[in-house]
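The shown structure was predicted, so the numbers you read here are calculated from the model rather than taken from an experiment. Naming: A, B, ... by sequence-line order, numbering from 1 per chain.
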Amino acid sequence: DTGVSQNPRHKITKRGQNVTFRCDPISEHNRLYWYRQTLGQGPEFLTYFQNEAQLEKSRLLSDRFSAERPKGSFSTLEIQRTEQGDSAMYLCASSWTDTDTQYFGPGTRLTVL
Amino acid sequence: QKEVEQNSGPLSVPEGAIASLNCTYSDRGSQSFFWYRQYSGKSPELIMSIYSNGDKEDGRFTAQLNKASQYVSLLIRDSQPSDSATYLCAVNGIQGAQKLVFGQGTRLTINP
């Protein structure tokens, strides 16, 4: 068991481009969460899935953001028409229903130029 | 009022001393509480979870929860330079939601 993995680890893009991040949770975990963290702040919740169902989305998740977990395993987070304000660390976490302890992946650092 | 509040620090503690980190939260109905450690440029790493009033010890770490005062703390005994990091307090169950709400973190420096 290798823990939560995220790809890519770093992404540099130009304003207006689309980007997609992937998260692979711990294998037996059925809940998957996305957070965003900017410098000097704690992570902020974006959305979460239980199996393939997206159960909650933050109002931080604008129309340009979309997340999927099509088979209840890995998840993708897509940002369309990126803006400089999207520059942040995007963190994925997973947990099992019977506990609410979340384990984080290494994160994807996005820089929008 | 923020849902989860921490003193951002920096907190400076000599090596071998006890470091005390504090966190308050706004929702009395909150269910579970977590401390994460985050090194610069890295992701949060779980240190402790606590669910009921009182103390919970794990090695050099002790988490304390007081639901009546809506207060949770983390004590680090025999502080080591490797403990220098940002410590994040996280609360689950605020307003019944299944998500972690984090404080902004306390930056801790252990001085040799």
Using heavy-atom distances under 4.5 Å, tell me whether B/Leu88 contacts chain A through its side chain, its backbone, both, or neither. side chain

Could you tell me whether the side chain of B/Ser84 and the main chain of B/Ile110 form a donor-acceptor pair under 3.5 Å? yes

For chain B, which residues of residues 30-42 of chain A have heavy atoms nearer than 4.5 angstrom: A/Arg31, A/Tyr33, A/Tyr35, A/Gln37, A/Gly40, A/Gln41, A/Gly42

Ignoring hydrogens and angles, tell me if any N or O in the side chain of B/Gln80 forms a donor-acceptor pair with the backbone of B/Glu15 under 3.5 Å. no

Partner set under side chain to side chain donor-acceptor pair (under 3.5 Å) for B/Ser79, not counting sequence neighbours: none

Please classify the contact of A/Glu56 with chain B as side chain, backbone, both or neither, using a heavy-atom distance under 4.5 Å. side chain

Would you mind telling me which of B/Pro44, B/Gly103, B/Cys89 has the largest number of heavy-atom pairs within less than 4.5 Å of chain A? B/Pro44

Any chance the rings of B/Tyr25 and B/Tyr71 have centres within less than 6.0 Å? no

With chain B, the option among A/Pro106, A/Pro43, A/Gly107 that has the most non-hydrogen atom pairs under 4.5 Å is A/Pro43

Winner by heavy-atom pair count (cut-off under 4.5 Å) against chain A, out of B/Gln31, B/Gln38, B/Glu45, B/Arg107: B/Gln38

A/Arg15, CZ atom: more than 12 neighbouring heavy atoms under 6.0 Å: no

Hydrogens and angles aside, do A/Arg69 and A/Gln54 bring a side-chain donor and acceptor to less than 3.5 Å of each other? no

Atom NZ of residue position B/Lys67 - does it have more than 12 heavy atoms of other residues, nucleotides or ligands inside 6.0 Å? yes

Check this for me: does any side-chain nitrogen of one of B/Asp58 and B/Lys56 sit under 4.0 Å from a carboxylate oxygen of the other? no

